[in-house]
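Working notes, beginning with the structure itself.
Note that the coordinates shown come from a computational prediction; the quantities given were computed from them, not determined experimentally. The sequence lines fix the lettering, A, B, ..., with proteins before strands; numbering per chain opens at 1.
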2 protein chains.
Amino acid sequence: MKKKIALDMDEVIVNIYDRFISLYVEQYNVVPNPEDYVGRKFYNVKGAENFRNYLFEPGFFLDLPIFEGAADVVEWLNTHFDLFIVTAAQEFPHSLIDKYHWLQKHLPFISWKQFVFCGDKSIIKADYMIDDHVHNLKTFDGLGLLFSASHNINENGYIRLNNWNEVKLFFEKELENEPVR
Amino acid sequence: MKKKIALDMDEVIVNIYDRFISLYVEQYNVVPNPEDYVGRKFYNVKGAENFRNYLFEPGFFLDLPIFEGAADVVEWLNTHFDLFIVTAAQEFPHSLIDKYHWLQKHLPFISWKQFVFCGDKSIIKADYMIDDHVHNLKTFDGLGLLFSASHNINENGYIRLNNWNEVKLFFEKELENEPVR
């Protein structure tokens, strides 16, 4: 039986920081200083305190870029594991339909049956969880994998995956270590 | 620590069959024969073969009635248990936002953090699952409770709860049987 993976969207598959940087440049004609947001939230950047409001706008989540390498590795994971996309969406009600369409556009090989839109991930049962938020990994019973994001670079205590190449390498090893049935 | 309940919406909290009956009466000026849908799907009723299409219409899930007694008992469950509303929504994309607003209107004491909109419930971890579909209970590790609906009256093998009064009685007993900590 394939092992189950709960895979987060925002800042794991979907690149929100790059969009925030673009919005900042549009507004101020200057690139934000990475020192102001690496290791913290982007809202720490002077002038970006209200950028969280963008998350509540219809269409914001529909139009975000995908991380390099993500689509190919997600497709590979989808053939070797029981994959679910588990994303916190309910805080931003418009994101529900936006995320649905984003997934259909960028990862068309994933069925709607594999989408999970939730608020609190403590209800998720899987063998692995890939997430950029430690608070989601803390309530998880399986193996929590921290996907590197600007805001979590100072976090310790979890296996860290820095990019999609590392995700593939990690899960290739997991498959090798599986007992032959 | 409170025990976790995964509570379904459609045909458990939300009364879809009554809406189907109203739609049938509107269309044909005659009440459908219960023999044609009790123990089966409503789509078995002659003339209602295409009623499933209603589920894809924007607003359909927004305007459905709540089952008698459900709101009070859900509020009671919410104080004594770690309650999540776990509903299959992704098959009907418009239902995502409709269900969000329905829950806010009818069960305003439930936070969006407690909403889970999914396709396949095999990813859910809880102590109890209340659902009208045996296929959801089959993949569940906790105690599955079958909520009676027209389409499941011939199912066996699960504790059956016939109405919201029985839900309350069942969980009152569960609380009594909890070891004192």
For the [atom1] atom of [X] and the [atom2] atom of [Y], what is their distance to the nearest 0.5 Å?
X        : Y        : atom1 : atom2 : value
A:Lys121 : B:Ile123 : NZ    : CD1   : 10.0 Å
A:Asp120 : B:Lys4   : CG    : NZ    : 6.0 Å
A:Gln90  : B:Leu103 : CD    : CG    : 9.0 Å

- Side chain, backbone, both or neither: which part of A:Thr139 has an atom under 4.5 Å from a heavy atom of chain B?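 Contact with chain B: backbone only.
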Is it possible for you to say whether [X] and [Y] belong to one hydrophobic cluster, with membership spreading through side-chain heavy-atom contacts below 4.5 Å?
X        : Y        : result
A:Leu169 : A:Leu146 : no
B:Leu55  : A:Tyr100 : yes
B:Leu161 : B:Val134 : no

Which donor-acceptor pairs under 3.5 Å do side chains of residues 109-119 of chain B form with protein atoms, sequence neighbours excluded?
| residue | atom | partner | partner atom | Å |
| --- | --- | --- | --- | --- |
| B:Ser111 | OG | B:Lys113 | N | 2.9 |
| B:Gln114 | OE1 | B:Ser111 | N | 2.8 |
| B:Gln114 | NE2 | B:Asn78 | OD1 | 2.8 |
| B:Gln114 | NE2 | B:Leu83 | O | 3.0 |

- Query: Would you say B:Lys105 has more than 12 foreign heavy atoms packed within less than 6.0 Å of its NZ?
  - Reply: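 No - once you tally the heavy atoms of other residues, nucleotides and ligands closer than 6.0 Å, there are 12 at most.
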- Just checking, is any N or O donor in the side chain of B:Lys125 or A:Ser122 under 3.5 Å from an acceptor N or O on the other one?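 The answer is no; no qualifying pair exists.
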